[in-house]
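A short write-up of the structure that comes next.
To find a chain, count down the sequence lines: A is the first, B the second, and so on, and within it residues start at 1. Just so we're clear, the structure is a prediction, and the values are computed from it rather than from any experiment.
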Protein chains: 2
Amino acid sequence: MVDDGMRRDEDESDFLAAYDPHAFAPVAVTVDVVAMTIRAGEPLLLLVRRGARPQRGRWALPGGFVRAEDGPAGPADPDLPDAALRVLAEKTALPTTLHLEQLGTYGARDRDPRMRVFSVAYMLLAPDLPDPEQGRDIAEAAWVPWRALGHGGPAEYEPAFDHARVIADAVERARAKLEYTSLATAFLPPLFTITDLREVYEAVWDRPLHAANFHRKILAAPGFVEDTGDLAERGGPGGGRRPRLYRAGGTTALHPPLLRSAHDTRGDSDDRR
Amino acid sequence: MVDDGMRRDEDESDFLAAYDPHAFAPVAVTVDVVAMTIRAGEPLLLLVRRGARPQRGRWALPGGFVRAEDGPAGPADPDLPDAALRVLAEKTALPTTLHLEQLGTYGARDRDPRMRVFSVAYMLLAPDLPDPEQGRDIAEAAWVPWRALGHGGPAEYEPAFDHARVIADAVERARAKLEYTSLATAFLPPLFTITDLREVYEAVWDRPLHAANFHRKILAAPGFVEDTGDLAERGGPGGGRRPRLYRAGGTTALHPPLLRSAHDTRGDSDDRR
DNA sequence: ACCAGTTCTTCTCATCATGAGTTTTTCTCG
DNA sequence: CGAGAAAAACTCATGATGAGAAGAACTGGT
């Protein structure tokens, strides 16, 4: 099967053309995970402080090499999502319910000084995650507020490599998908109230919503939430009616969508990665 | 810099940990392109008949290895979009205007019998593309109607590998993005009429639209299209008012979106790739 | 027991978007 | 010049939306 190497320059026109693996320049494939959660109305994402060169000491997304084959480091990752969960599990405890979704792959030639590296980024949403375990191979890991990153936040958190770009893409993806999918429930435990759900939207969109209209629209979207018939233990700390408890419905696509009204859909970049 | 190979199993926690490239199992990165166009109201995509084993003779997406480094086959691809355009250019002439967007990356262990292959899929939209050049390294290339693929079409076109899945993802992505972005203009030449635009929507969504309401909604979405002030040469073949010519506006996000009304948003799969 | 304050839920209403159909304008062809 | 065709504008009933008000159910303090 391994026959002619790279003799004809057209012969690599598809990925099963014959070749000798070691005739190719070495490339690496990694996964980076943008793990997002919401705690007390504040959207957070997980960053680790790099313990290895280069960029040692800078904050970065948790990530690691995809294990292509079984080896001394452990068994191969059967698929990319498995690799994403594995590298995240090395940094923090995984929640029982989570939403994992591929964001995109970044492979510019100058991303890494040493070799050609392709990074597959994943977005992971989960209800209030525990604090990361310290130690292990990483110097430090922390849940960082979204707003501390990006535009003019403390330079302390300026992420390594092109991770600022990846994070910006993830945030924009999450914001957009709240409009037309039931993604918001991924930030919540199995049982939640309409107010809990609204607070997710307010946190991610960073804007207050009209509670009464939100309530109406959620119940109008078929399959978004399902009434359990039960009520929560208590209302607010200072009294208040006990809210109904809902669970996520079967639908992922919302009809009609919950649009963030008109203005600013900023950051809608052209999609060439 | 190259120091300790894979001694500690935590040490590959991020992609710049020290390593010896050849200590890793060889992996390959390819790009596959779902090139879409519309001809006479019929949505088409480009398939090539495989000239190499395995699956020789089956139809597949045009694709090829990403060139990680400069080599005998040619210069390295600076970034993934460059690789996508290069492999497509090997099969057909590239249009002057196009929309290129990353779809996702597929990396299941059993995708390829020979080695671990990660395929980055791209979606390319362009106005009526020319017929592919025959010959070169591919046995055959053809523009195939979407409807000939997928569910119960002629088995002749059953695509190789997991390309049916990639194509299905691309079609669903295109259908969805027509709702809330100005993507449809990518199928059209620089100057077009509202009717041209409506025919794109009808072709992609495979359903007739109410012409008058469509017209109203397009003009109501700020920044979608821009009036040139000019009129087209003639109306229909059998007479008719000369339509206004528009060009694409600056906006990519549509407010309000053009929803395909209520029912069927079928094929909304969970996003784990 | 009652009341004030709080929270969830439902209701009203003016406004805007939508689907369906009709009419007007402008063109070609015979 | 008139019939037919296509684009564009209009009408109207219905449904969704934003803003606010009102009702219901609860807590804690008097």
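Listed in residue order, the members of residues 189-203 of chain B having a heavy atom less than 4.0 Å from DNA chain D are B:T195. Residues of residues 209-219 of chain B having a heavy atom closer than 4.0 Å to DNA chain C, listed by number: B:H210, B:A212, B:N213, B:R216, B:K217.
Note on residues 219-228 of chain B: pairs passing salt bridge (charged side-chain N to carboxylate O under 4.0 Å, His left out), not counting sequence neighbours, are B:E226-B:R247, B:D227-B:R244.
Judged as a side-chain hydrogen bond (donor to acceptor under 3.5 Å, both in side chains), and not counting sequence neighbours, the contacts of A:D196 are A:T193. Contacts of A:A186 classified as side chain to side chain contact (heavy atoms under 4.5 Å, CB included), with partners at least two apart in sequence or in another chain: A:H99, A:L125. Looking at residues two or more places apart in sequence or on another chain, you find no side-chain hydrogen bond (donor to acceptor under 3.5 Å, both in side chains) involving A:D230. Residues passing the side chain to side chain contact (heavy atoms under 4.5 Å, CB included) test with B:L94, sequence neighbours excluded: B:L85, B:L88, B:A89. Among residues two or more places apart in sequence or in another chain, the side-chain hydrogen bond (donor to acceptor under 3.5 Å, both in side chains) test is passed with A:D128 by A:R39. For B:Y180, the ring pair (Phe, Tyr, Trp, His ring centres under 6.0 Å) test picks out A:Y180, with sequence neighbours left out. Shown here are the side chain to side chain contact (heavy atoms under 4.5 Å, CB included) partners of B:A170, two or more places apart in sequence or in another chain: B:V34, B:M36, B:L103, B:M123. For B:P190, the side chain to side chain contact (heavy atoms under 4.5 Å, CB included) test picks out no residue, with sequence neighbours left out.
Looking at DNA chain D, the stems built from 3 or more consecutive Watson-Crick or G-U wobble pairs, each pair with its key distances under 3.5 Å, are C:1-30 with D:1-30.
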